[in-house]
Amino acid sequence: MTETAEKALPDGWELVVGLEVHVELATVTKLFCGCANEFTSDPNTNVCPVCVGLPGSLPVINAAAVEFAMRLGRALGCEVRPSVMARKNYFYPDMAKDYQTTQYDQPTSIDGELMLGDGAVVGIERAHIEEDAGKTTHIGGGGRINDAEYSLVDYNRAGVPLVEVVSRPDIRTIDHAKAYVSELRDILLATEVSDAKMEEGSMRVDANVSVRPVGSDELRTRCEIKNINSIRSLGRAIEYEALRHIDLYGSGEAPRQETRHWDEAGGRSTPGRSKEDADDYRYFQEPDLVPLRPSADVVAAIDATLPVLPAARRARFAARCTVSAATIATVVERGQDNLALAAIEAGADADKVLTRIENDLAIDDWSLVSVEGLAALISMETAGELTATQTKQVLAQLASQGGDPKAIATELGFEAMESDELDVLVDQLVADNPAEWDRFTSGDDGDRKKMQGFFTGRIMAATRGQADGRAVAEILGRKARG
Amino acid sequence: MSAIETARAVRAGERSAVEVLEEHLARIDAREAEIHAFNLVTEESARVQAEAVDATVAAGGDPGPLAGATVALKDNMCTRGIPTTCSSKILEGWIPPYDATVVTKLAAAGAVFVGKTNLDEFAMGSSTENSAFGATHNPLDVSRVPGGSSGGSAASVAAGFAALGIGSDTGGSVRQPAAFCGVVGMKPTYGAVSRYGLIAFGSSLDQIGPFAADVADAAALFDLIAGHDPRDTTSIVDFVPSAGAVLDQGVDGLRVGVVRELSGGPGSVEGISPDVIARTNAAVEALAAAGAEVEEVSVPSATLGLSAYYLVAPAEASSNLARYDGVRFGLRVDGATTGEMNTATRTAGFGEEVKRRIMLGTYALSAGYYDAFYGKALKVRTMMLNDFASVYDKVDVLITPTAPTTAFPMGERSQDPMTMYVNDVCTIPSNLVGHPGISVPFGVGDDGMPVGVQVLAPATHDALTFRVGAVLEAAANAGGES
């Protein structure tokens, strides 16, 4: 079993997962002021009275951020509707105003869905706009807020625009949880809403995990797992948490609803704040901002400029080929799907086009590979005019220099050999190596395989790789049968 | 000499701005010790401004429509490089790095800022007794309060410390002190004047408004500070102030409504004193004599205004005042942990009334109480909007007393929040619905202290309040009322 493969829960238990994903929008400026949306600068250099919450300052919402949020909402199939900003009140040093400006009961986007590669559908409850907090570093003591000697706060990130995408608790397997995040990332990249880098925090995933007996439709107590920094961690964290719940139920206990912190190094989660003594956020409508009321025209304009999304791009290949979904996903993720599709439409074999691209065109710049060139190359391979090895070499040259595959093949001396030429060559080899030929014809399976490799290798060497491997195997087999 | 006349003379080179300023500074020298209108007299920067005005005139330039006019600025509006305290210890040592939009506009118009005026801490109060720096006294009788919370600005204009005053009005904080000090004070339509740089109390209620010795000066000041500001998205786009242009249009044919619930007569809230009722009735008669059609009208929900206000304003304040946490600016009282530092800072930095309102507001927004308190107050606001809309179908403006009584003795109500709150019963409704209102002096009460009459108009009809105010002012002067 490979690491990414599904680990089943103990018999009789079913996983119930919902994901909350915070996405940093790739806008030029922050959500409520003109400061640069750039927090790798020196601490507290991208700040102004608004984003450090100085008395008297007022927010002005960034129209680009709203447009990005609506674009993401539409890409997730959500209804984009009139919305209002709200204040979520709590004290924390990196929350400059000691409230977060977010959306509460009237979010920008509701009721969407995300289709995974295997056709499973995960409902999207909402996708709302909010501001990020600054970054606190606790120095000394235990390194946490209540025991540090002092803390340093960097407000460069304060006010950076986020969209929080909240799924419904529709996810039943770890693989689906991972696929959801991967798919969402692809959509973020395709719509250019975010750079979606989990490891850099521009895409942050919290998992709400619970379990229930198979066949039940109840929603049991969930725990929210935070600090998940990769898709791999997500799988580990969900598995750990599900098993922890099952153990608790098994011993007659029950999990408490709480926020837990994933410890990647330790491979376990530790309790954070319990929801029982959680803050009362005292949400109310943000009086400093006016409601957002996107017109039908604005939404239509967004729809008109939405790119074809990864799921639809993958679906274009489904009826045309038999390669694995992973191969198609890779080609789409790399943005090579339009090239592949055009080559297929030009008559090239779909499966061969996709596997050649997946395996032999894993490069950043393939712009010199023309649709006609690729289609002609694959057709040559399919017709047996080029061997697999030769095809790869021609493709490499196409990618680096461009040109016509036929001309490249000729230039490289790749003339496929006629079968009778090969016959003569094989006869000569058999005559020169009688012991090996004897092992090939009368030995056990192991001998046979080894000797097939021996003869094929000699023939390839003699032809400088121009012989067609399948033709060689066919000749060897025919001669062995006598 | 009025501010308008002063500016005309300064622009014409007939008077020097420095000379005008020195006259005001001399009056401050003479009486500030007994009145305490200012937290800070900005003598030096005022001289620099006045000299610049004179230099511009000498060079043949135009320093602007308020050239050389002296302005007293309430100390809850940010002034770059000059301490801004909100009359609170919690802002100790804080110097804003930016100017409020009104400050920028006034400076560009050639106004000269003589100082930052005292207020009830964070504008919470109706007497200017709740100041961390001591109470302000009424210049007409220093044993009495000047009203509040903009008592310092009102007193400055009444005492001749400045020709013009700038206040903020959340529930009557410009109009009530204007009435108590015998000057004109006006609360604009919500969104007519930018709140950028006004330190927030109740964000959905706060408006900056003008004080002046007469209606024409107040109108000129209003016309200058009003207008859309891209830094305040709640400011009205395309609002074009035009009060000065309509002052002499009279009230012939204008329909004037007397609000039964605020009239002191049958069906009215209680506590409006007979002398105030008598002066208000006299004002209504004066309007009728000037050609207005007068009728009694009903705004039933006006009686609920006080209750709704004391939920909405504290709720917003509890959130707005969260940022005073000792982390970024102002007072910090150390504690063992961040949380203890927050608590120690806020305990030491806020006065009793501020703490009371933070607690009220926190409670009103809390889970389980929101619907019963804050949510219900929002419903009252909607009812009031509907009631006012109906009444403005029948009449053009409404007349009420500004405050139930004349200026009361210092200390009389400072120990009893409820009797203090009732002061604002007539002014609060227009804050809750966002409509404009003006207070104009109309004679004196039994105690010889001035009585203010309030004129209310529908949203954006700010000019109309000044127009009616001018008629009342003329009648008061003609009748020897003041």
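Every chain is numbered from 1, with letters handed out A, B, ... down the list of sequences. The shown structure was predicted, so the numbers you read here are calculated from the model rather than taken from an experiment.
For the pair B:Tyr98 (side chain) and A:Ser57 (backbone), a donor-acceptor distance under 3.5 Å is present. Side-chain atoms of A:Asp280 come within 3.5 Å of backbone N or O of B:Ala367 as a donor-acceptor pair.
With chain A as the partner, the residue from B:Arg231, B:Arg195, B:Met341, B:Glu340 showing the most heavy-atom pairs under 4.5 Å is B:Arg195. Taking chain B as the reference chain and counting heavy-atom pairs below 4.5 Å, the highest number among A:Phe284, A:Tyr90, A:Tyr150 is found for A:Phe284. Chain A forms more heavy-atom pairs under 4.5 Å with one residue of B:Leu205, B:Leu378, B:Asn320, B:Leu321 than with any other, namely B:Asn320. Among B:Asp232, B:Val327, B:Asp325, the residue with the largest count of heavy-atom pairs under 4.5 Å with chain A is B:Asp325.
Shown here is A:Tyr104, whose OH atom has no more than 12 heavy atoms of other residues, nucleotides or ligands within 6.0 Å. B:Asp238 CG: 12 or fewer foreign heavy atoms inside a 6.0 Å radius. For CZ of B:Arg356, the number of neighbouring non-hydrogen atoms (other residues, nucleotides, ligands) closer than 6.0 Å is greater than 12. Annotation: B:Lys89, atom NZ; neighbour count of heavy atoms from other residues, nucleotides and ligands within 6.0 Å does not exceed 12.
If you measure heavy-atom distances from B:Tyr374 to chain A, the contacts under 4.5 Å come from the side chain alone. With a 4.5 Å cut-off on non-hydrogen atoms, B:Pro96 does not touch chain A at all. Residue contact with chain A, scored on non-hydrogen atoms closer than 4.5 Å, involves the side chain of B:Phe329 exclusively. Looking at B:Tyr190, the atoms closer than 4.5 Å to chain A (heavy atoms on both sides) all sit in the side chain, from C-beta outward. At a 4.5 Å heavy-atom cutoff, the contact between A:Pro93 and chain B is made by backbone and side-chain atoms alike. Using a 4.5 Å cut-off between heavy atoms, B:Thr84 makes no contact with chain A at all.
For the residue pair A:Tyr283 and B:Tyr370, the shortest heavy atom distance occurs at O-CE1, 3.5 Å. In this structure, B:Thr233 and A:Val60 approach most closely via the heavy-atom pair CG2-CG1, 3.7 Å. Between A:Asn89 and B:Ser319, the shortest heavy-atom distance links the atoms OD1-OG, 2.8 Å.
A distance of 12.0 Å separates OG in B:Ser318 from CG in A:Asp98, rounded to the nearest 0.5 Å. To the nearest 0.5 Å, the span separating CZ on A:Phe91 from CZ on B:Arg323 amounts to 11.0 Å. Between the CG atom in B:Leu198 and the CG atom in A:Leu58 there is a gap of 8.5 Å [rounded to 0.5 Å]. Note that CG of A:Asp288 and OG of B:Ser204 are 9.5 Å apart. Values are rounded to the nearest 0.5 Å.
With no hydrogens or angles considered, a side-chain donor-acceptor pair links B:Arg328 and A:Tyr155 at under 3.5 Å.
A:Tyr92 places none of its side-chain heavy atoms less than 4.5 Å from the side chain of B:Thr338.
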Checklist line | Full working for side-chain contact (heavy atoms from CB on, under 4.5 Å) between B:Leu365 and A:Tyr281 | finding: CA-CA 9 Å; B:Leu365 287 172; A:Tyr281 291 120; over 6 Å; no
